[in-house]
Amino acid sequence: MITLGDYLIVSGILFAIGFAGVLLRRNLIIILMSLELMLNAANLSLVAFSRFRVQPTGLPDYNVQVFVFFIITVAAAEVAVGLAILVALFRARQTTDLKDISSLRF
Amino acid sequence: MAVTVQRPKLNWRERMYLPAIAAGLAITIKHFKNMLFGRTKVTMQYPEEKWDSSLPDHYRGAPALVRDEEGRVRCVACQLCEFICPPRAIKIIPGEIPSTDRFAKVEKYPEEFDIDMIRCIFCGMCEEVCPEQAIFLRKDYAITGFTRADMVHHKEKLLEIGGVMHGVVLKWNEKK
Amino acid sequence: MSPFLFWIFALLMLVFGAAVVINRNPVASALSLVVSFLGLAALFMSLDAYFIGIIQVLVYAGAVMVLFLFIIMLLDLRAEEERRINWVASVGGIAVALILLIQILLVIGHFKAARQTFPPLAGSTIDDVRNVGALLFSNYNLPFQIIGVLVLVATIGVVLLSRRDPR
Amino acid sequence: MTYFFITSLLKIVGILFVVILPMVSYSVYAERRVSAFIQDRQGPNRVGPAGLFQPIADMFKLLLKEDFTPRNVNTFYYWLAPCLAVMPAIITIAVVPFGSTLFGVPMVIADINVGILYVFAIASLGVYGIVLAGWASNSKYPFLGGVRSSSQMISYELSLGLAVIPIFLLVGSLRLTSVVRYQIEHGWFIAPFIGDWMNPWKWLLAIPMVLSFVVFAIAIFAETNRLPFDLPEAEQELAGGYNTEYSSMKFALFFLGEYAAMITGSAIMVTLFFGGWHLPLPSWHGGFHWALVDGSAPGWRGVIGGLFNIATFFAKVAVVIFVFMWVRWTLPRFRYDQLMRLGWLFFFEIALVNIFIVAGIIAFLPS
């Protein structure tokens, strides 16, 4: 049988993968994607907690799912802003590599 | 010179576009309906229906050689058509008529007469120029072949298309 | 959901999640991320969170990743050329990630509630769209509206940022 | 459990191989015939009686053609793209109820409670095939087609989603079977006053419903890349757009995907606005009234009823497909900026305002 722990382990591995992506890659777009991976790992554990914390009414804890809904919304907005910054950066520097934009001056 | 195209001023009804779209849809569905009920006259369904019956008299199809009433090839190999032919589709090799022949007076006959139908442009100048009225543009229009060689009409083929022509050129007859 | 399906989708999600990080070509990374998100959506569905699962596909796979792809193509980002791998940094990065992973696993191992299996629900089918919606519009009405303002601000910010002429 | 699996499998195989795929190939044939008739031509009429075997000939032609992969393409994605183009349209059909019941089995493959959201989620995946094809071809026209497609689809998904919200405000559930049930009880959404002629609220409701239908239909046109919104594959400007570099069966898959998307879109439109499989028949059994025919009756009458519902549904879909073709062969293509302006400044706002109108009507509707 699948336990809550299995979901949490899968979520933890996904989070670690995203974390490794942020640390290892130098391409800004890949880093943004890795951030998404980490956010989704968090979502997965939240939904798992919601399902395993059944209310007295016999329903999952929907407060958590509302929270996940908010996370998804904010993440979408974050991606839009992040990509817009990326495009502005690319226009100025012709690169998306972190190494080439290490200085804050333009 | 640059010309500024004046856009027409549209009123709000025209700017909605919906009446125009509805009118367009009405037109197309009318065509569809007429076609569905067979009320539209469509183009000829070619391989089943042939053009033959409806071709006009002056139609210029494939050029062909003709025989006269006595079964003689009318062509005297004067090579005028070969000379005039704009795309140079005609090739004639003349031969001599032996003096013992009944028609020795004619002197030459076409030993070979080829028309390359890939080149022919159906202009009708050969017919125009022929002094013997030996070459005519007939009504054959579906000239096909699998190879380039197939598309060259030799003398026999030309005569087969041409058939017999009853006419007034009496050059070969004895002088009265 | 049967354990077999759970492991299939979990493996799918993890393998393609790793592919996001490993791939050199940004387009390949983005597509791997799409597959990873689809696997994640399937896991959400296995937790009876149909609404979240579908929203996951709709927002992430359908909109966010299309945006990513669009930007990658717009900027014409090709595969990165082979750079000399900075071994110290790479090994350090992997080590940090591994340490984090081990910590997470240790915490889960000591977490008693993690060993529970699926608790039964009230019915075989639950209308979770209705439940989430009811909660969203009653208890969380104010946060919901704040999120709306946030999205509006983000929209305006993106429009301003991506204008070619900032004046 | 086994029974459920077997019936589901039968439904999937039946709907896919007996209905959808023949319908796709015959809608290609129908498109050619309809366009010919509109333009006073005959269209394909050589293969079989009235050209009815044309799709089979087309299939052989496409299968036997050389499968050519240009040299400078990104091979893996070049091969992946046609597969991705077909899939979304076909798996969307899973949630559409195409009949009432047959032998007691509901005629819908997956009756999930997030039905319409599922449809939108999968439809939004449809853009990947096109974008990837454009990108992997490594050629400028396909690339322009791909980029156009992605922005067009994102723009029109908004109005598509907003246009159906009034329906779900009324129904109170995202399940497509309950949409059909609601329409059976309260009249089709395109004309809610039918059968309840004296009720002024129903007449009032008809106005936003028709608006919503118009926005939805136009957005579906844009989502399926049909003329007047076929900018991703505009033959005249982009030489075929994203499928320029494709040949043989890969091209056929794009074609298949486009028509499958059209059929799916029509099916959803029928389900949402035209009562799904519902068609009342006049009955004089105990006074004149409109009788509901479905598969719930016992014995052979139930079977006939179920089959009749399925036939009704696909007949409605066929009519909508005909309208798709009719529009395609009437209207010219939009310019790209016009398309974007229309989507963002016009339909988006109409759909938004429409939601408020319907919400207001519901708030004051005497139930």
Side-chain angles (χ1 to χ4, degrees), chain B residues 1-56 59 61 139-148 150-151, chain D residues 27 29-52 207 210-218 221-222 226-229 318-335 337-339 341-343 345-347 349-350:
Chain B
M1 194 184 75
V3 177
T4 312
V5 179
Q6 288 297 319
R7 300 269 173 198
K9 281 259 187 292
L10 303 177
N11 61 31
W12 68 270
R13 202 167 143 266
E14 286 166 327
R15 238 190 332 240
M16 289 264 290
Y17 292 114
L18 288 177
I21 288 173
L25 288 172
I27 288 174
T28 44
I29 198 72
K30 202 175 76 196
H31 279 263
F32 181 82
K33 222 170 53 207
N34 286 343
M35 189 71 201
L36 197 65
F37 297 123
R39 264 180 262 146
T40 312
K41 188 171 165 17
V42 287
T43 50
M44 184 174 285
Q45 294 300 298
Y46 168 62
E48 285 88 25
E49 302 168 37
K50 298 282 190 197
W51 274 101
D52 301 339
S53 57
S54 45
L55 285 177
Y59 185 80
K139 292 187 176 176
D140 304 63
Y141 51 86
I143 293 141
T144 54
F146 287 109
T147 60
R148 281 165 187 274
D150 277 357
M151 294 297 287
Chain D
S27 59
Y29 164 77
E31 171 106 64
R32 293 170 67 184
R33 282 293 264 199
V34 167
S35 70
F37 276 28
I38 280 175
Q39 296 166 351
D40 293 349
R41 295 182 287 116
Q42 288 278 0
N45 60 353
R46 296 279 136 181
V47 196
L52 275 175
I207 301 165
V210 168
L211 261 182
S212 158
F213 169 71
V214 168
V215 174
F216 183 80
I218 290 170
F221 272 94
R226 295 281 299 181
L227 222 73
F229 303 106
V319 171
V320 176
I321 288 173
F322 173 76
V323 175
F324 265 84
M325 290 170 184
W326 178 20
V327 169
R328 170 169 179 184
W329 295 100
T330 303
L331 299 180
R333 182 179 304 128
F334 276 88
R335 218 169 53 209
D337 59 321
Q338 290 173 331
L339 172 95
R341 178 186 297 261
L342 206 64
L345 299 183
F346 207 68
F347 294 135
E349 274 74 5
I350 289 183

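Just so we're on the same page: letters track the sequence lines, and every chain starts at 1. Values in this document were obtained by computation on a predicted structure and should not be read as measured data.
- Using a 4.5 Å cut-off between heavy atoms, D:Phe346 makes no contact with chain B at all.
- Here the side chains of D:Gln42 and B:Met35 are in contact, with some heavy-atom distance below 4.5 Å.
- Neither the backbone nor the side chain of B:Ile27 comes within contact range of chain D; no heavy atoms are under 4.5 Å apart.
- Of the inter-residue distances, the one linking D:Trp329 atom CH2 with B:Ile29 atom CD1 reads 14.5 Å to the nearest 0.5 angstrom.
- Contacts of D:Ile38 with chain B are made by both backbone and side-chain atoms, with heavy-atom separations under 4.5 Å.
- With a threshold of 4.5 angstrom between heavy atoms, D:Trp326 approaches chain B through its backbone and through its side chain.
- Considering CE of D:Met325 and CZ of B:Phe32, their distance stands at 10.0 Å, rounded to 0.5 Å.
- The choice from D:Arg33, D:Gln39, D:Arg46 that makes the most heavy-atom pairs within less than 4.5 Å of chain B is D:Arg46.
- The nearest pair of heavy atoms linking D:Phe37 to B:Leu36 is CE2-CD1, 3.4 Å.
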